[in-house]
Structures are given as C-alpha cells and as structure tokens.
Amino acid sequence: MRVADDVAWVRSSAEMRDYCLIARVPHRMPLELTGSAVYLWECWAGGMSLEESVSYLAEVFSEDPEVIRPQAESTQRSLVDQGFLIDDSGESVAENRAAE
C-alpha cells in the first residue's frame with residue numbers, strides 16, 4: 001500500500017482531537033480523517049499492509065484485531081476507490097478476506 005503520487009497530507013492535533021487532511025492536488029477538495037482513520041492512514045502512508053496496520057492498531061489500542069479489521073477494510077477500500085491510496089500488492093481487500 002502506498003500513497004498516490006498526487007496526494008498531499010498533513011496531520012494535526014487541536015483541542016484534544018487528532019485529525020488528518022488528505023487531498024489529491026490540485027484535483028479535489030481535502031478529505032478530513034478523524035479517529036482511528038488517522039492512525040490507519042499513517043500506517044498505510046508508511047507502507048504497512050492491511051494486516052500490519054490492523055495488528056499495530058490492535059496493539060496500540062489494546063483491542064482485538066477482529067474488532068478493528070472491518071473498519072480498516074472499509075476505510076482502505078474507500079481510500080483506494082477515491083485514488084488516495086494505491087494497492088501495489090495486486091490483491092484486493094475482498095481477496096485478502098476470502099483467503100482467511
């Protein structure tokens with residue numbers, strides 16, 4: 001997983017709230033990510049796979065990976081569909097899920 005070449009992003013913390021703005025420059029308005037989506041984005045921007053990001057967040061938030069996985073899959077699918085992320089693995093989220 002990698003960030004598309006035309007995407008700019010910034011993370012900020014303000015008033016006890018973490019958020020991240022991502023945008024396809026100069027094509028679209030920014031998309032604001034909040035909550036765990038901020039951490040997922042940072043994982044994927046750092047080159048982590050879906051599985052690696054789920055494991056990482058499960059550890060950070062002391063949560064069962066199966067609780068995190070559905071949101072991670074949905075968020076990743078949405079960001080790939082919108083062109084923010086490029087899936088270099090050749091496997092879709094659905095294929096990863098079917099393999100389990």
Side-chain angles (χ1 to χ4, degrees):
M1 195 63 46
R2 68 179 174 86
V3 176
D5 293 337
D6 65 346
V7 172
W9 64 282
V10 63
R11 179 177 183 203
S12 183
S13 297
E15 300 176 17
M16 304 293 291
R17 183 177 83 105
D18 288 334
Y19 66 95
C20 182
L21 293 176
I22 60 176
R24 294 189 64 201
V25 180
H27 308 295
R28 296 190 183 164
M29 296 295 296
L31 174 66
E32 181 177 349
L33 303 176
T34 59
S36 62
V38 173
Y39 299 99
L40 288 166
W41 173 262
E42 288 182 329
C43 288
W44 298 325
M48 285 187 183
S49 69
L50 178 68
E51 289 305 314
E52 291 168 329
S53 62
V54 167
S55 295
Y56 174 75
L57 287 183
E59 185 177 321
V60 167
F61 292 112
S62 299
E63 188 64 73
D64 183 330
E66 293 309 311
V67 171
I68 294 171
R69 186 177 319 283
Q71 180 189 2
E73 289 175 344
S74 175
T75 301
Q76 186 183 73
R77 187 172 23 258
S78 175
L79 293 174
V80 168
D81 289 348
Q82 293 178 68
F84 291 110
L85 291 174
I86 306 296
D87 186 356
D88 291 36
S89 70
E91 295 181 344
S92 69
V93 171
E95 290 169 343
N96 288 337
R97 194 71 175 144
E100 293 179 351

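The basis for the numbers below is simple: all heavy atoms, side chains too, and nothing from hydrogens, waters or symmetry mates.
Here Leu57 contributes atom CG and Ser36 contributes atom OG; the two are 6.5 Å apart, rounded to the nearest 0.5 Å. A distance of 8.5 Å separates CG in Leu21 from CG in Leu31, rounded to the nearest 0.5 Å. Distance check, rounded to the nearest 0.5 Å: CE of Met1 to CG of Leu40 gives 11.0 Å. Of the inter-residue distances, the one linking Asp87 atom CG with Arg77 atom CZ reads 11.5 Å to the nearest 0.5 angstrom. Taking CG of Leu85 as the start and CZ of Arg2 as the end, the distance is 10.0 Å to the nearest 0.5 Å. To the nearest 0.5 Å, atoms CZ (Phe84) and CD1 (Ile22) are separated by 4.5 Å.
Hydrophobic clustering of Ile, Leu, Val, Met, Phe, Trp and Tyr side chains at less than 4.5 Å, counting indirect connections, keeps Val38 apart from Val67. When the side chains of ILVMFWY residues are joined at heavy-atom separations under 4.5 Å, either directly or via intervening members, Ile86 and Trp41 end up in two distinct hydrophobic clusters. Ile68 and Val60 fall within the same hydrophobic cluster, defined by Ile, Leu, Val, Met, Phe, Trp and Tyr side-chain heavy atoms under 4.5 Å apart, directly or through other members.
Partners of Glu63 under the side chain to side chain donor-acceptor pair (under 3.5 Å) rule, at least two apart in sequence or in another chain, do not exist in this structure. Residues that satisfy the salt bridge (charged side-chain N to carboxylate O under 4.0 Å, His left out) test with Asp81, not counting sequence neighbours, are absent from this structure. Every side chain to side chain donor-acceptor pair (under 3.5 Å) that Trp44 has, sequence neighbours left out, goes to Ser53. Listed by chain and number, the residues in a side chain to side chain donor-acceptor pair (under 3.5 Å) with Thr75 amount to none (sequence neighbours excluded). In this structure, Ser55 has no side chain to side chain donor-acceptor pair (under 3.5 Å) partners at least two apart in sequence or on a different chain.
For residues 32-50, every residue pair satisfying the salt bridge (Lys or Arg N to Asp or Glu O under 4.0 Å) rule, not counting sequence neighbours, is listed here: Arg11-Glu42, Arg17-Glu32.
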Original post:
Please walk me through it: do Phe61 and Tyr39 pass ring pair (Phe, Tyr, Trp, His ring centres under 6.0 Å)?
Top reply: CA-CA 11 Å; Phe61 292 112; Tyr39 299 99; 5.5 Å; yes
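The residue from Gln71, Gln76, Arg69 that alone fulfils the side-chain contact (heavy atoms from CB on, under 4.5 Å) condition with Glu73 is Arg69.
Ala8 and Val25 make their closest contact through CB-CG2, 3.6 Å (heavy atoms, listed as atom of the first residue, atom of the second, distance). Across all their heavy atoms, Gly83 and Asp6 have their closest contact at O-OD1, 4.5 Å.
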